[in-house]
Visitor: 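Sharing a structure with you now.
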Amino acid sequence: ETSETQHRCHFRRLRFGDQAAAKTLLTELGPFGHVVGSDLVYGAEKSRRCALLDTLQALAEAQEMLEVKGSRTAAPFLVTLAIKNRCCNEVELLVK
């Protein structure tokens, strides 16, 4: 890639738990090197945390399939989540 395409940044809204949308996003913009999320989890609502993790897993699996199909070595992407404990200890609940 040229230096122009190496440092692109795209922002998209992605509803947690929508695995089809995650796969479409990857097809349109992938493969990804880094996925960043901020202020994604509030409170102790388990279904929302699970949906977030399910979505990240769907992205990872779709990226792996894309890499294999394209005959490139599958490379996992880095995920950075910025989470601030606001309503409870959201960080602890996310990693349980």
Side-chain angles (χ1 to χ4, degrees):
E1 288 182 272
T2 67
S3 60
E4 274 184 35
T5 59
Q6 287 177 347
H7 304 288
R8 292 183 299 179
C9 183
H10 296 276
F11 297 88
R12 291 285 175 94
R13 180 179 176 184
L14 181 60
R15 186 173 304 280
F16 299 158
D18 189 345
Q19 295 179 3
K23 291 175 184 177
T24 299
L25 179 68
L26 183 71
T27 302
E28 291 173 3
L29 297 174
F32 301 122
H34 198 158
V35 174
V36 179
S38 180
D39 294 319
L40 302 173
V41 181
Y42 293 93
E45 187 182 335
K46 184 176 181 180
S47 62
R48 186 157 172 81
R49 292 190 320 273
C50 290
L52 168 61
L53 296 176
D54 289 346
T55 301
L56 291 172
Q57 181 177 353
L59 281 172
E61 289 172 355
Q63 175 147 320
E64 186 175 288
M65 293 302 293
L66 180 69
E67 295 285 343
V68 169
K69 224 173 148 181
S71 299
R72 293 177 280 177
T73 304
F77 54 82
L78 177 64
V79 175
T80 301
L81 300 177
I83 301 171
K84 179 177 173 87
N85 292 333
R86 297 178 190 272
C87 303
C88 60
N89 191 342
E90 284 91 349
V91 173
E92 182 180 318
L93 291 171
L94 184 65
V95 297
K96 277 187 174 181

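If you read the sequence from its start, that first residue is 1, and numbering goes on from there. Values in this document were obtained by computation on a predicted structure and should not be read as measured data.
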Visitor: Hey, does Asp18 have a side-chain heavy atom less than 4.5 Å from the side chain of Thr55?
Guide: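 SC-SC contact between Thr55 and Asp18 ruled out.
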Visitor: Show your reasoning for whether side chain to side chain contact (heavy atoms under 4.5 Å, CB included) applies to Leu56 and Phe16.
Guide: CA-CA 9 Å; Leu56 291 172; Phe16 299 158; over 6 Å; no
Visitor: What I'd like to find out is whether the side chain of Val35 reaches to under 4.5 Å of the side chain of Thr80, using heavy atoms alone.
Guide: no
Visitor: Within the side chain of Gln63, is there an N or O that forms a donor-acceptor pair under 3.5 Å with the backbone of Leu26?
Guide: no
Visitor: Looking at CG of Asp54 and CG of Leu59, how far apart are the two atoms once the value is rounded to the nearest 0.5 Å?
Guide: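 Result: 11.5 Å between the selected atoms.
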Visitor: Leu53, Leu14: one ILVMFWY side-chain cluster at the under-4.5 Å cut-off?
Guide: yes
Visitor: Can you measure from CG (Leu52) to CD (Gln57) and round to the nearest 0.5 angstrom?
Guide: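 Reported value, rounded in 0.5 Å steps: 11.5 Å.
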